[in-house]
Amino acid sequence: MNSLTITPRGSLRGTIHVPGDKSITHRALILSALGEGSATIRGYCRGQDCLNTLTALQQLGIFIQIETDQVQVSGKGLWGLTEPTEPLDCGNSGTGLRLLTGVLAGQQFFSVLTGDASLRSRPMGRIVKPLQQMGAHIQGRKGGELAPLAVTGSPLKGIDYLSPVSSAQIKSSVLLAGLFAEGETRFTEPLQSRDHTERMFRFLGIPFSTEGNTIRVTGRPSFQTKDLFVPGDLSAAAFFIVGASIVPDSEVRIPNIGLNPARTGILDILQQMGANIRIEKPREESGEPVGDLVVRTAQLRGISIGASQVPKTIDEFPIFCVAAAMAEGQTTVTGAEELRVKETDRIKAMATELQKLHVDIQETPDGFIVQGGSKIQGGRCTSYGDHRVAMAIAIAALTASSPTKIEDTDCIETSFPGFHDKLLELLTNSN
Ligand code: S3P
């Protein structure tokens with residue numbers, strides 16, 4: 001198990017290119033496999049989560065040619081997948097497993113999906129239930145609540161599903177299954193989650209409609225693949241956005257970042273806290289808003305975050321806790337209980353680990369209370385195998401009075417290969 005030692009030294013300065021968006025990469029790979037014709041996906045995320053989805057598609061009979069910055073997927077049309085001879089291992093990725101289960105539910109063959117210990121402990125009933133209502137035959141441990149999931153492909157019918165949770169993974173799983181279903185599938189969620197699937201449907205010409213938080217898709221469309229461009233991942237950029245905000249005398253430029261409004265909660269919140277973030281050259285690429293970010297150090301102020309802001313900030317709470325620790329005054333987060341079922345329980349993990357660095361942070365059932373202005377001290381932390389916890393602690397450690405050792409940092413590879421080198425590069429530029 002690898003570890004990372006972060007020694008605070010100087011400011012963060014320079015330009016950093018972050019990996020392609022993980023959420024968009026999963027969808028680009030899957031939808032290109034299901035379209036007719038071949039597509040080049042540029043800027044894809046080479047993190048292990050997305051590579052696992054890529055391998056799963058290869059096991060399902062899809063030819064994918066891999067190059068450094070792009071992959072070429074030879075789509076076989078909606079009904080072109082073939083039975084895998086081995087279980088599909090999604091590793092650490094909830095998105096990979098939940099989206100692929102949606103695709104496999106309507107096939108005419110048997111498949112098994114599994115993942116690492118973390119993924120095998122995360123709730124799957126949330127997708128199994130609607131997929132079963134569509135006619136899917138899915139079994140898993142604890143009555144279908146836990147992976148491995150065994151899917152005996154079967155004909156599906158559209159349903160009208162009201163999800164109790166706002167989740168793009170549930171929504172996308174059901175909408176992808178809806179592509180294989182007879183009739184119309186309708187999905188409604190309490191608050192809008194990220195809409196990358198819908199935007200890619202639109203870009204590829206797959207008919208669907210939206211009304212409020214309800215999406216309707218009619219099954220069995222045929223569509224052509226199209227070359228796709230994946231922008232940089234805002235969730236990866238967030239570590240450097242917060243880093244540049246809290247480390248004195250920093251200025252970081254992060255070009256080419258996805259700015260989907262269902263994802264930009266962290267930018268809105270940091271700006272309300274007083275952050276100095278400039279968005280340059282806003283544009284659109286493959287149906288997604290994109291821009292360049294320039295971030296300079298600023299004194300942040302505490303803030304209160306409620307349930308309505310949670311879906312568009314969902315992956316940024318670990319690094320947000322670090323911003324809150326360095327802000328003036330108190331920060332509270334409520335309505336974020338979904339954080340307890342991520343790669344690890346992120347409420348518990350962040351409270352426990354930041355306390356080790358002398359941050360005044362308390363967990364609550366659905367969030368945190370952070371008293372800002374802490375003098376962070378170095379220490380020994382663990383990531384619990386969660387990439388975002390590992391990177392958030394690494395950024396907190398930049399402001400500490402002494403070095404911090406973070407255990408179990410291999411997980412950073414799931415979304416951000418090269419994170420540490422990029423961090424060192426920005427630190428070196430300031431010396
Ligand atoms: C994702 C949706 C979110 C997010 C995850 C990626 C996606 O999960 O936390 O990292 O790509 O659809 P939920 O749908 O469980 O909120």
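One-based numbering, in listed order, for ligands and for the atoms of each. Since the structure is predicted, the reported quantities are computational estimates derived from the model, not experimental observations.
Given atom 14 (O) of ligand 1, the protein heavy atom at minimum distance is Ser167 OG, 2.6 Å. Of the protein's non-hydrogen atoms, the one nearest atom 6 (C) of ligand 1 is Thr95 OG1, 3.3 Å.
Between Arg126 and ligand 1, no pair of N/O atoms sits closer than 3.5 Å. Any N or O atom pair closer than 3.5 Å counts here, and Asp315 shares at least one such pair with ligand 1. Ligand 1 has no N or O atom lying under 3.5 Å from any N or O atom of Ile314, backbone or side chain.
Under the 4.5 Å side-chain criterion, counting only non-hydrogen atoms from C-beta, Arg263 is not in contact with Lys312.
Taking a cutoff of 4.0 Å between a charged side-chain nitrogen and a carboxylate oxygen, Glu363 and Arg340 qualify as a salt bridge. A salt bridge links Glu280 with Arg278; the closest basic N to acidic carboxylate O contact falls under 4.0 Å. Electrostatic pairing of Asp386 and Arg346 counts as a salt bridge here, judged by a charged N lying under 4.0 Å from a carboxylate O.
When the options Arg263, Glu338, Lys342 are ranked by their closest heavy atom to atom 16 (O) of ligand 1, first place goes to Lys342. Between atom 7 (C) of ligand 1 and the options Arg27, Lys22, His196, the minimum heavy-atom separation is to Arg27.
Between the side chains of Thr5 and Lys405, not a single donor N or O lies within less than 3.5 Å of an accepting N or O.
Of all atoms in ligand 1, numbered sequentially from 1 with element shown, those under 4.0 Å from a heavy atom of Ser23 are 1 (C), 6 (C), 7 (C), 11 (O).
A tilted orientation is assigned to the rings of Phe419 and Phe240, their planes being inclined by 30° to 60°. Under the 30°/60° scheme for interplanar angles, the aromatic rings of Tyr161 and Phe187 are found to be tilted.
Counting heavy atoms closer than 4.0 Å to ligand 1, residue Arg194 contributes side-chain atoms (C-beta onward) but none from N, CA, C or O.
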